[in-house]
Amino acid sequence: MIWNFTKMHGAGNDFVVLDGVRQAIEMTPERARALADRHFGVGADQLLVVENPLHPEADFRYRVFNADGGEVEHCGNGARCFVRFVHDQGLSRRNPLRAEICTGLITLFESESGEVAVDMGSTRYDPAAVHFDTQGLQSHTKGQDTLWQLPLPDGSTPELSLVAISNPHAVQIVTDIETAPVAQTGPLIESNPRFAQRVNAGFMQVLDRHSIKLRVFERGAGETLACGTGACAATVAGIRQGLLDSPVLVHTRGGPLNIEWDGTALRMSGPAVSVFSGQIDIDALTHSFNSKDANHP
Ligand SMILES: N[C@H](CCC[C@H](N)C(=O)O)C(=O)O
């Protein structure tokens, strides 16, 4: 089966975007992994599928699959690429657009400058929102936030702020983002058994009250150049801890994102870039991707 796709990125967080309105896209974890693979497939951090909505007030449904094949709740950088894709492909000229994600509707607006603003939907900051088991753990309050001390197998005990931007985030503050132990402890947090659905592990360095640096070891994708929901989670955590004031410029390795939060409405704005379009035989791709494992058991 031949699928048309477009390769896009938002601040270096890259995606394969598929039109599931005008073509029959049946995404599976296996196909997602094959498409995302940077050797056998197109290569991406996440796959985005645009579909007809189920919600009566939505223009489209927007589904997100991580590189490991898992379907997830939200993708901030992907949301910006979604609206650029819908407009570029002529699927709709509406602006703003309303997209249906698993936790409800989000509104997206493409400006004349090409930046895209996204009202990011619901924000929660309780352990249950990120499916975290707090039993027996130490915690303390910092401003309005609660920091949980999570012992890791390497002997470290990071203090984590828990934030759900529909998807789960655990954010810690570091003094130097360049030497932060993202590769060492990111995976230990991402797959820690206390997070029943795993978690995106954020590392933020506060620069001043309106700017931070951020790196995120993403659930199901590893460290990415930028994470939109991660930028939102870090901003919410920093404001609740009394360290930041809205708006916050979040410097990521892929470029800056602007986040605004008034305690209720959460808005992110940033770039969305189309890189190239193409076609792929998804069955042949999936077969060759799977055969690689057979050659090297
Ligand atoms: N890895 C995330 C999904 C993608 C989020 C990120 N790429 C963004 O821009 O928000 C998760 O498993 O929740």
Side-chain angles (χ1 to χ4, degrees), residues 1-10 12-20 23-51 54 60-79 81-82 85 99-103 130-131 164-170 182-183 186-193 195-202 216-230 275 278-297:
M1 187 187 316
I2 301 298
W3 285 359
N4 297 311
F5 70 87
T6 298
K7 182 75 191 295
M8 302 184 76
H9 75 86
N13 182 196
D14 66 337
F15 312 105
V16 171
V17 190
L18 297 148
D19 170 357
Q23 51 185 358
I25 300 291
E26 188 184 339
M27 188 58 75
T28 64
E30 186 183 50
R31 286 173 167 177
R33 285 192 293 273
L35 275 169
D37 188 82
R38 297 191 186 279
H39 300 284
F40 286 77
V42 179
D45 295 324
Q46 280 89 29
L47 295 310
L48 312 179
V49 184
V50 179
E51 297 181 345
L54 303 173
F60 296 96
R61 186 182 179 203
Y62 154 61
R63 299 176 67 187
V64 181
F65 297 80
N66 278 324
D68 72 353
E71 184 166 6
V72 291
E73 305 89 342
H74 200 343
C75 177
N77 289 319
C81 290
F82 155 80
F85 178 81
E100 172 190 353
I101 60 173
C102 63
T103 51
V130 297
H131 312 287
I165 311 292
S166 296
N167 63 346
H169 291 267
V182 178
L188 302 178
I189 298 168
E190 189 255 5
S191 297
N192 190 280
F195 290 100
Q197 296 186 3
R198 296 184 293 158
V199 74
N200 298 283
V216 181
F217 189 94
E218 286 198 30
R219 177 179 62 173
E223 181 174 6
T224 56
L225 292 181
C227 178
T229 51
V275 182
Q279 292 188 324
I280 197 152
D281 180 332
I282 188 61
D283 300 313
L285 164 62
T286 308
H287 176 71
S288 69
F289 176 72
N290 289 336
S291 63
K292 73 171 175 31
D293 296 329
N295 298 336
H296 303 282

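This one's a predicted model, so the numbers in the text were calculated from it and none came from an experiment. Just so you know, residue 1 is the first one in the sequence shown, and it goes up from there.
- Proximity of a side-chain donor or acceptor of R33 to a complementary backbone N or O of A67 within less than 3.5 Å is not detected.
- In this structure, CD1 in I280 is found 13.0 Å from CE in M1, a value given to the nearest 0.5 Å.
- Of the possible polar contacts, one joining the E190 side chain to the G220 backbone as a donor-acceptor pair under 3.5 Å is found.
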Exercise. Side chain to side chain donor-acceptor pair (under 3.5 Å) between D45 and T224: does it pass, once the steps are laid out?
Worked result: CA-CA 7 Å; D45 295 324; T224 56; 5.1 Å; no

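- D14 is listed as a side-chain neighbour of R38, based on a closest heavy-atom distance under 4.5 Å.
- Checked by atom type and distance alone, the side chain of Y62 pairs as donor or acceptor with a backbone atom of C75 at under 3.5 Å.
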Problem set entry | Trace of the side-chain contact (heavy atoms from CB on, under 4.5 Å) decision for H287 with N290 | CA-CA 5 Å; H287 176 71; N290 289 336; 5.9 Å; no

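- Taking all atoms of both residues into account, the shortest heavy-atom contact from A170 to V199 is N-CG2, 3.6 Å.
- Under 3.5 Å, the side chains of N13 and Q46 contain a donor-acceptor pair of N or O atoms.
- Considering only heavy atoms from C-beta on, R63 stays 4.5 Å or farther from M27 through its side chain.
- The closest side-chain heavy-atom distance from L54 to R61 is below 4.5 Å.
- Panel note: side chain N200, backbone H169; no donor-acceptor pair is recorded below 3.5 Å.
- Contact of the L48 side chain with the F85 side chain is not registered, since no non-hydrogen atoms from C-beta on lie closer than 4.5 Å.
- With rounding to the nearest 0.5 angstrom, the CG atom of D283 is 8.0 Å from the CH2 atom of W3.
- Note that the CZ atom of F65 and the OG1 atom of T28 stand 8.5 Å from one another [nearest 0.5 Å].
- With a 4.5 Å cut-off on side-chain heavy atoms, S166 and T229 do not count as touching.
- Between the side chain of K7 and the backbone N or O of G43, at least one donor-acceptor pair lies under 3.5 Å.
- In this structure a side-chain-to-backbone donor-acceptor pair under 3.5 Å is present from D281 to A284.
- Judged by distance alone, with hydrogens and angles left aside, the side-chain atoms of N66 form no donor-acceptor pair with the main-chain N or O of D68 at under 3.5 Å.
- The side-chain heavy atoms of L35 and I282, taken from C-beta on, include a pair separated by under 4.5 Å.
- To the nearest 0.5 Å, atoms CZ (F5) and CG (L47) are separated by 11.0 Å.
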For this session: Any chance you could lay out the side-chain contact (heavy atoms from CB on, under 4.5 Å) test for V16 and M8, step after step, and finish with the verdict?
Result: CA-CA 6 Å; V16 171; M8 302 184 76; over 6 Å; no

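- Residue C81 comes nearest to G10 through the heavy atom pair SG-N, 3.8 Å, listed as atom of the first residue, atom of the second, then distance.
- The two residues A32 and G69 make their nearest non-hydrogen contact at CB-CA, 3.9 Å.
- E73 has a carboxylate O that lies under 4.0 Å from a charged side-chain N of R219, or vice versa, which qualifies the two as a salt bridge.
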Exercise. Could you walk me through whether E223 and E218 pass the side-chain contact (heavy atoms from CB on, under 4.5 Å) check?
Worked result: CA-CA 6 Å; E223 181 174 6; E218 286 198 30; over 6 Å; no

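- We find the OG1-CG distance between T6 and L18 to be 8.5 Å, quoted to the nearest 0.5 Å.
- For the pair K292 and F289, the cation-pi test (distance below 6.0 Å, angle within 45°) is passed.
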For this session: Could you check F82 against V50 for side-chain contact (heavy atoms from CB on, under 4.5 Å), going step by step and ending with a plain yes or no?
Result: CA-CA 7 Å; F82 155 80; V50 179; 3.7 Å; yes

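- Between F195 and P168, every side-chain heavy-atom pair lies at or beyond the 4.5 Å cut-off.
- Separation of atoms NE2 (H39) and OG (S288) is listed at 13.0 Å; rounding is to 0.5 Å.
- Shortest non-hydrogen contact noted between G20 and I25 is CA-CG1, 3.8 Å.
- Counting only heavy atoms from C-beta outward, the side chains of N4 and D19 never approach each other to under 4.5 Å.
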